[in-house]
A.B. asks: 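The following block contains the structure, expressed as structure tokens.
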Amino acid sequence: RGGGLSLQFSSTGSFQNFAVLFKSYILLLTRVKQFTFSPTTIMAATAVVWQPREDGLSEICALLEQQISPSSAAVDKSQIWKQLQHFSQIPDFNNYLVFILVRAQGKSVEIRQAAGLLLKNNLKGGYSSMAQENRKYIKSELLPCLGAVDRHIRTKVGTIISEIVNIDGVSGRLELLPALVTWMICEDIPHVLDSEVPGLAESPINIFLPRLFQFFQSPHASLRKLALGCVNQYVIIMPAALYNSMDKYLQGLFVLANDPVAEVRKLVCAAFVQLTEVLPSSIEPHLRNVMEYMLQVNKDPDEEVALEACEFWSAYCDAQLPPDNLKELLPRLIPVLLSNMAYADDDESVFDAEEDESQPDRDQDLKPRFHTSRLHGSEDFDDDDDDSFNVWNLRKCSAAAIDVLSNVFGDEILPALMPFIQAKISTSGDETWKEREAAVLTLGAIAEGCFNGLYPHLSEATFLLPLLDDKFPLIRTISCWTLSRFGKYLIQETGNPKGYEQFEKVLMGLLRRLLDSNKRVQEAACSAFATVEEDAAEELVPHLGVILQHLMCAFGKYQRRNLRIVYDAIGTLADSVREELNKPAYLEILMPPLVAKWQQLSNSDKDLFPLLECFTSISQALGVGFAPFAQPVFQRCMDIIQLQQLAKVDPASAGAQYDREFIVCSLDLLSGLAEGLGSGIESLISQSDLRDVLLKCCMDEAPDVRQSAFALMGDLARVFPAYLQPRLLEFLEIACQQLSANLIRENLSVANNACWAIGELAVKVGQEVSSIVTNVVSSLGLILQHEEGVNKSLVENSAITLGRLAWIRPDLVAPHMEHFMKPWCLALSMVRDDNEKEEAFRGLCAVVKVNPSGGVSSLVFICKAIASWHVSRDVNYREIRSEDVKNEVSQVLNGYKHVICAQYKLVNYAPGYKHVICAQYKLVNYAPGYKHVICAQYKLVNYAPGYKHMLGNSWGECWSALEPPVKERLSRYQV
């Protein structure tokens with residue numbers, strides 16, 4: 001079809017070998033205009049003469065095999081790593097790696113993949129300086145290998161080619177363009193083909209797209225699949241070429257909608273889901289037809305196709321498309337979703353659920369875990385935990401869709417759901433256990449969205465309790481989760497005797513399941529109990545003894561995988577009950593098993609991670625009660641950090657492989673000690689070298705290490721600032737560097753903690769922060785002015801730290817206040833009412849006194865910020881408690897009013913309002929001459945008449961712009 005070139009294929013044959021398809025497609029594209037290369041230029045070995053030496057090849061393969069072997073000790077691996085690094089200095093070492101990846105057919109796929117991974121890492125840092133002949137050889141070997149039979153090799157080759165294009169660009173590399181249209185490369189770097197290329201009249205995507213659309217109608221299923229897969233990769237970035245060809249794209253999707261090949265139908269569904277997420281307006285004219293199609297395909301016999309179709313319903317709701325269309329479909333959609341929520345006969349979970357505690361954990365059972373570094377401020381950062389490692393399937397997707405629908409339509413979906421739930425839960429036969437389990441899952445899925453409609457039934461939530469003892473492990477598992485979803489309701493009802501009795505029954509039921517003999521049930525019960533802990537908080541205090549006994553019993557019987565969840569449940573309990581845990585009877589139950597485990601594990605054992613996290617929560621909860629355990633814990637943390645810092649540069653000497661998570665967890669535990677012990681930490685750290693170790697961590701290239709380091713820096717500043725004094729300026733300068741614009745985008749959490757730490761130091765060391773004030777204020781001003789690009793926590797910390805610096809050095813901050821006063825005040829309005837906010841308002845008042853004209857244009861926002869203080873019983877809201885701060889705020893408001901209105905004989909806005917006096921603040925009336933004092937103080941005497949008029953208008957405009965509640969709150973300050 002391309003430029004008159006004719007390719008003949010057998011009518012009955014199919015493209016089983018990706019290599020045949022790929023080479024054919026290359027031949028096709030060699031005739032496209034603008035491309036003048038021959039297919040022979042991308043075939044390996046025909047024009048390149050480099051060949052490896054057999055001895056060198058054997059040695060490198062042997063090293064790679066040892067490197068990936070699980071039986072190799074840490075010391076051995078460090079030596080292997082050093083040897084490989086040494087080989088990397090040899091000019092043609094990367095040629096050996098690509099040869100192993102592409103041509104070492106006799107070696108295992110794992111060895112070839114290891115060679116590919118090392119090659120990719122080497123290219124990242126050394127491709128630009130590599131000899132031209134070596135670059136040419138590597139590319140000539142990689143391109144044809146995109147057709148390798150083994151999927152893992154194809155994928156690895158694709159990622160390496162993507163890396164080369166990212167480094168080298170498309171310009172001057174036209175021989176790469178045919179290969180780049182394969183699906184795997186489009187997936188990695190779609191943006192590259194949408195860029196301008198010198199020498200081409202238009203971007204590559206404009207050339208490829210029309211031909212890809214033509215392949216939608218190919219008689220060969222592989223071509224249809226690859227062409228649609230390629231185009232789908234561009235939906236997320238929506239280049240102009242695709243946007244302008246949307247009708248052709250949709251036409252092609254409709255043609256392929258009923259394709260006999262399941263993989264093609266799956267891609268059609270994926271396309272509709274992506275369009276719904278990225279450009280919902282594109283499918284609105286065809287919405288009813290698309291919805292009908294997705295409903296039908298949601299019942300597709302191929303589960304992967306049905307799964308892709310099921311994603312559509314959540315995407316539809318998220319896109320806020322007309323709900324009425326979906327509402328009409330609910331009576332037919334809900335039964336399909338409910339049917340898909342039952343376990344399939346061949347679901348691996350059904351077989352895995354039979355595994356009891358007598359069977360040892362396998363290495364593959366241990367999910368990867370990631371520690372979340374300590375963060376100061378609003379908890380608005382994403383925390384995916386282990387969700388990305390759970391298998392996503394049709395059952396889970398259907399439950400998620402029901403959850404979303406319940407949140408959109410609320411109780412309206414209950415008539416279609418409740419008969420199903422009630423009928424299935426009441427069954428008791430062994431043959432119906434899957435339907436019974438699906439009914440319990442459904443109830444949990446709608447727990448939030450349909451809460452009001454379910455409320456009358458929840459008083460009888462005990463109907464789920466017998467299911468905790470069901471003979472089928474997966475029913476016990478899902479019952480634990482569903483009960484945790486209703487935890488908030490149960491806790492709300494503890495105020496009445498019946499409600500309290502129910503809460504106790506659920507609590508004891510979950511604790512009983514903690515000791516289940518089935519691993520899946522143990523995991524579900526422990527996770528559900530942790531959720532209830534968060535909701536219940538102080539309601540758990542009367543039951544602490546029995547809770548600790550069950551948790552520590554589970555701690556003694558669980559294997560490694562579930563032991564991690566017990567650590568989390570213990571830490572959550574400590575966070576929930578805090579100082580109530582600090583009782584001798586409770587500590588006797590809790591601490592000995594944990595200390596014994598602590599002593600069993602080596603400093604390089606990764607099982608230390610969850611234990612370190614657990615101790616962090618316990619140390620914060622116990623406060624000074626943790627003192628008996630503090631010294632060995634502190635020293636262990638120091639040893640771990642120093643071991644890892646050595647392993648980073650010399651793993652052989654350290655006897656361990658570097659893993660920065662050890663450092664992060666240890667820093668966070670030290671922060672927990674500082675928070676818990678307060679000034680009592682002085683005896684632990686005074687003679688230690690923590691200061692130098694911490695400074696090194698603050699300069700680490702890893703963001704999570706710096707994030708935790710600055711958290712510890714701030715915690716030490718709060719409780720023992722003198723310890724940081726000898727290297728104070730270094731700490732401040734490094735923290736200041738984290739706020740630069742180029743770092744914030746990639747390291748928001750680091751910038752957040754650095755900002756908070758600067759503020760903590762400022763209020764403790766005062767004038768000693770002067771050297772960095774101007775730079776920090778400049779950075780914080782930019783953050784506040786562009787808050788849409790950062791997160792809530794960083795904005796709030798920036799506002800507080802700016803206020804603290806303004807309080808310490810108003811003379812340095814005031815000259816710049818006009819640039820950030822409005823966003824600063826807006827941010828302060830959103831900050832929780834607490835002592836930190838009071839300190840920020842001291843700074844606000846201080847800079848206004850130094851430079852009152854700088855606040856005139858933001859007067860409305862100053863007033864709103866002041867009015868953001870509440871009189872409320874809510875712990876998150878309160879009034880200013882410091883009489884000094886109240887008086888300063890009152891002086892600022894009345895100063896502006898008297899100077900602007902009284903001095904310049906302007907009209908009094910809001911007649912009668914001047915008589916409103918708030919007795920709470922007991923503020924005296926300003927004397928008649930005070931306006932002159934204010935005028936002199938604020939240096940307004942020599943202002944030009946025009947500026948006086950502007951001030952007058954500003955106050956009037958300010959007052960008229962304020963909402964009644966704001967005016968009412970300002971009355972406390974006698975304005």
Side-chain angles (χ1 to χ4, degrees), residues 357 360-375 383-390 514 519-520 522-531 533-534 547-548 550-576 581 589-622 626 629 632-634 636-637 639-641 643-644 656-657 659-673 675-676 704-705 707-708 711:
E357 61 189 3
D361 284 347
R362 299 164 299 176
D363 288 340
Q364 58 265 38
D365 293 333
L366 299 175
K367 297 176 184 176
R369 63 170 303 285
F370 300 98
H371 173 75
T372 302
S373 299
R374 191 175 176 86
L375 180 76
D383 182 13
D384 294 331
D385 293 328
D386 294 333
D387 288 347
S388 57
F389 299 97
N390 289 328
L514 282 178
K519 291 182 182 180
R520 283 286 296 274
Q522 291 173 357
E523 179 182 7
C526 212
S527 298
F529 184 70
T531 301
E533 285 177 325
E534 292 177 341
I547 290 172
L548 287 170
H550 278 78
L551 284 174
M552 301 321 292
C553 185
F555 180 83
K557 71 181 291 186
Y558 282 11
Q559 296 185 40
R560 288 177 64 200
R561 185 183 71 183
N562 287 344
L563 196 57
R564 298 175 177 182
I565 309 173
V566 178
Y567 283 129
D568 179 63
I570 294 171
T572 304
L573 179 67
D575 294 336
S576 299
L581 193 60
I589 302 172
L590 175 66
M591 295 305 294
L594 294 177
V595 171
K597 178 65 73 173
W598 172 265
Q599 293 169 345
Q600 288 173 13
L601 300 173
S602 72
N603 285 349
S604 57
D605 192 325
K606 293 187 177 183
D607 285 343
L608 264 178
F609 294 153
L611 183 52
L612 288 166
E613 293 172 347
C614 182
F615 269 138
T616 300
S617 294
I618 292 172
S619 64
Q620 292 170 306
L622 296 184
F626 195 75
F629 315 98
V633 169
F634 171 77
R636 184 80 177 271
C637 289
D639 293 344
I640 291 171
I641 295 172
L643 175 69
Q644 288 300 316
Q657 287 289 96
D659 187 337
R660 68 176 184 270
E661 194 163 358
F662 281 105
I663 299 178
V664 173
C665 289
S666 298
L667 289 171
D668 288 348
L669 179 46
L670 292 175
S671 284
L673 285 176
E675 182 179 328
D704 50 352
V705 173
Q707 178 181 337
S708 291

A.B. asks: Where do I565 and E523 come nearest, in terms of heavy atoms and distance?
C.D. replies: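 Looking at all heavy atoms of both residues, the shortest contact is CD1-CG, 3.2 Å.
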A.B. asks: Could I get the full list of salt bridge (Lys or Arg N to Asp or Glu O under 4.0 Å) partners for D605, not counting sequence neighbours?
C.D. replies: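 Partners of D605 by the salt bridge (Lys or Arg N to Asp or Glu O under 4.0 Å) criterion come out as none, since no residue qualifies.
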A.B. asks: For the pair L612 and D668, evaluate side-chain contact (heavy atoms from CB on, under 4.5 Å) and give the outcome as yes or no after the intermediate values.
C.D. replies: CA-CA 8 Å; L612 288 166; D668 288 348; over 6 Å; no
A.B. asks: In Å and rounded to the nearest 0.5 Å, what is the CG to CD1 distance from L643 to I663?
C.D. replies: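 The distance works out to 9.0 Å.
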A.B. asks: Under 3.5 Å, side chain of D607 to main-chain N/O of R560, donor-acceptor pair present?
C.D. replies: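 Side chain of D607 to backbone of R560, a donor-acceptor pair under 3.5 Å: no, none is there.
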A.B. asks: As a test of understanding, state which of L669, L608, L667 forms a side-chain contact (heavy atoms from CB on, under 4.5 Å) with I640.
C.D. replies: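 Of L669, L608, L667, side-chain contact (heavy atoms from CB on, under 4.5 Å) with I640 is met by L608 alone.
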A.B. asks: Keeping S708 on the side-chain end and V705 on the backbone end, is there a donor-acceptor pair under 3.5 Å?
C.D. replies: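 It does not hold such a pair.
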A.B. asks: Identify the two heavy atoms, one from L673 and one from S619, that lie closest to each other, and give their separation to 0.1 Å.
C.D. replies: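 Looks like N-OG, 3.8 Å.
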A.B. asks: Would you compute the distance between atom CG of L514 and atom OG of S527 and round it to the nearest 0.5 angstrom?
C.D. replies: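 It comes to 10.0 Å.
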A.B. asks: If you measure from OG on S604 to CD on Q657, what distance do you get to the nearest 0.5 Å?
C.D. replies: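 Going from OG on S604 over to CD on Q657, the span is 10.5 Å.
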A.B. asks: Out of L622, I570, L573, V595, which one pairs with L590 under the side-chain contact (heavy atoms from CB on, under 4.5 Å) rule?
C.D. replies: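 Among L622, I570, L573, V595, the one meeting side-chain contact (heavy atoms from CB on, under 4.5 Å) with L590 is I570.
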A.B. asks: When you look at I589 and L551, which way does the side-chain contact (heavy atoms from CB on, under 4.5 Å) test go after all the steps?
C.D. replies: CA-CA 10 Å; I589 302 172; L551 284 174; over 6 Å; no
A.B. asks: Determine, stepwise, if the pair M591 / I618 fulfils side-chain contact (heavy atoms from CB on, under 4.5 Å).
C.D. replies: CA-CA 10 Å; M591 295 305 294; I618 292 172; 4.2 Å; yes
A.B. asks: Do you know the tightest heavy-atom contact between A569 and E533?
C.D. replies: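 Closest pair (atom of A569, atom of E533, distance): O-OE1, 2.9 Å.
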A.B. asks: For D659, give me all partners under side-chain contact (heavy atoms from CB on, under 4.5 Å), at least two apart in sequence or on another chain.
C.D. replies: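 side-chain contact (heavy atoms from CB on, under 4.5 Å) check on D659 returns K606, F609, Q644, E661, F662.
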A.B. asks: So, using salt bridge (Lys or Arg N to Asp or Glu O under 4.0 Å) as the criterion, who are the partners of R636 when residues are at least two apart?
C.D. replies: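 Scan of R636 (salt bridge (Lys or Arg N to Asp or Glu O under 4.0 Å), adjacent residues dropped) gives none.
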A.B. asks: With sequence neighbours excluded, what pairs up with F615 under the ring pair (Phe, Tyr, Trp, His ring centres under 6.0 Å) test?
C.D. replies: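 W598.
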A.B. asks: Among all residues two or more places apart in sequence or in another chain, which pass the side-chain contact (heavy atoms from CB on, under 4.5 Å) test with F555?
C.D. replies: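 side-chain contact (heavy atoms from CB on, under 4.5 Å) list for F555, sorted by chain: M552, L563, V566, Y567, P593, L594, K597.
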A.B. asks: By side chain to side chain donor-acceptor pair (under 3.5 Å), which residues pair with S617, not counting sequence neighbours?
C.D. replies: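 Side chain to side chain donor-acceptor pair (under 3.5 Å) check on S617 returns D575.
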